[in-house]
Amino acid sequence: MPLSADLASTENLLADRVRTARPSEVRKVFRAAQKPGIISFANGAPYLGALPFEQLAAAAQRILSDNGPVSLQYGASQGIAELRRHICTLMKLEGIVAAPDDVIVTSGSQQALDLAARILVNPDDVIFAEAPSYAGGMAVFTGYQAQIVHVPMDADGLIPEELERAIAEVRASGRTAKGLYTIPNFQNPGGVNLSVERRRRVGEICRDNGLLIFEDNPYGLLGFDGATLPAIQPDFPDITMYFGSFSKMIAPGLRLGWVLPPAALHHHFVNTSETTLLNPPVYNQQLLSTYLDDPAWQDKLNEYRNIYREKFTALVETLERVMPDGTSWNRPTGGFYLWVTLPDGIDAEALVYECIERGVVYVPGTAFYTDGRGRNELRLSFCLPTVDEIREGAALMGELFTAAAGSAAATKVAAG
Ligand code: PMP
């Protein structure tokens, strides 16, 4: 019988890393939310409406007419030198000193994360991650059969003592503690910053315990007031993989990000990237480099910071009016995300489909943990919807959760 006719045996042919992968909750929610007019607090997609499209179109035309055969040819596996120079200038804003040769341009930071996991992670290795953490990042590590162990956060980010405790527990259980995956700025999904003091402390703990640091930083330049915090990498260059991205601050459609690995691992990243990608697209890199050549791009970034601040403000103002008593959320100072905790007994995962029926979607908190936590939590992305949509969507959500809180309270009374 042809293999394709026998689904069960096809399942058996899958690689272990695919067969054992957890189905993605986020993908299920996104599928259900594919209907016209839905207000999405689920997408971590940047708002692109203020980009200078005419200017970009002119640059795109110039690039092709000046030297099309180079732009559309294969290129350097590490990425074009002009873009790597820009990347070094950008990283300097966060205290990172690197030369263009140190940097590897990738197809988004997602590919860079995949490279790092492919190079460094063995099945059953433990990767520590903030609780909660970016589902797509954790999926990369679990895709290479790592185990995620969550480490609690507070308002100052990952708690160093909890990291130490988690490392000790993992060691005691005989498992290999391999590395820490952290998003230190405007964390996805928590919206929290790792404090400057803790960056050092967390780095020291990793170094002293032989752990690698996967420092994922797509949002660092998106503080509402433009302030940046120093990266972890400069103090711990020998153990840190630093990941950057142009997706959130410029445009994800270009699919351009980068990784700065420790010098000793650099050739592995170049070779492995070559195996998976050959090279990042030359044309996209040239377009982006040309955009970055004009310092006006920074004014644009400022404009975006203000747009996101306005959206964030509209969201929290509305939530304050509409959410049931006992709901709490944090106050991020940048980035795209707000983390909401509902009163006990309200199940954000169960309610998301009803919310979609009413025309609004969010991501349930459970998507951001690998251990089933987060049922009364959710992530709200305020980046993409307009201010009016944010007000309308939050009000609709508030009605749903208020009704759910009412029936949860009624059930409690009846049960008690
Ligand atoms: N890391 C984090 C924390 C993210 O939020 C995202 C996108 N949502 C990525 C990495 C991947 O981004 P990209 O591949 O577009 O650079």
Side-chain angles (χ1 to χ4, degrees), residues 24-27 29-30 40-48 79 83 86-87 90-91 94 103-118 127-143 148 150 153 157-158 179-194 213-223 229 231-233 240-260 273 276-277 280-281 284-285 288 308 332 334-339 362-363 367-370 379-384:
S24 160
E25 274 309 312
V26 189
R27 221 167 287 144
V29 170
F30 275 100
S40 178
F41 292 115
N43 274 306
Y47 169 70
L48 300 181
L83 184 58
H86 280 301
I87 288 171
L90 273 179
M91 290 196 295
E94 293 172 330
V103 172
I104 295 131
V105 178
T106 55
S107 183
S109 53
Q110 192 71 26
Q111 191 226 342
L113 287 168
D114 189 84
L115 283 182
R118 184 169 164 148
I127 300 292
F128 299 97
E130 283 123 1
S133 180
Y134 168 50
M138 294 189 295
V140 167
F141 291 110
T142 55
I148 299 290
H150 284 293
M153 285 195 284
L158 187 87
L180 168 69
Y181 171 58
T182 179
I183 306 156
N185 298 312
F186 314 118
Q187 201 246 12
N188 179 5
V192 175
N193 282 335
L194 183 62
I213 301 172
F214 302 90
E215 180 176 16
D216 188 13
N217 185 29
Y219 304 100
L221 299 187
L222 285 168
L229 291 170
I232 301 172
Q233 193 277 349
T240 306
M241 261 64 48
Y242 176 92
F243 304 94
S245 175
F246 290 104
S247 292
K248 312 295 180 171
M249 57 180 166
I250 299 181
L254 293 169
R255 301 309 301 128
L256 290 170
W258 71 93
V259 56
L260 173 67
S273 187
T276 56
L277 188 65
N284 296 23
Q285 293 178 80
L288 179 58
Y308 292 132
F336 287 1
Y337 309 109
L338 190 78
W339 187 249
Y362 56 83
V363 182
F368 304 101
Y369 299 94
T370 54
R379 185 191 75 177
L380 296 179
S381 312
F382 49 82
C383 36
L384 198 54

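In listed order, ligands and their atoms are each counted from 1. Keep in mind the model is a prediction, meaning the values are calculated, not measured.
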Mutual orientation of the aromatic rings belonging to F246 and W258 [parallel < 30°, tilted 30-60°, perpendicular > 60°]: tilted
Donor + acceptor pair across side chains of T182, E215 (<3.5 Å): no
With F336 via ring pair (Phe, Tyr, Trp, His ring centres under 6.0 Å) - residues at least two apart: Y219, Y308
Check: F186 main-chain N/O paired with N193 side-chain donor or acceptor under 3.5 Å: yes
Backbone of G136 reached by a side-chain donor or acceptor of Q110 within 3.5 Å: yes
Neighbouring protein residues of ligand 1 - any heavy atom closer than 4.0 Å: G108, S109, Q110, Y134, I183, N188, D216, P218, Y219, S245, S247, K248, R255
Main-chain N/O of G190 paired to R379 side chain as donor or acceptor, under 3.5 Å: no
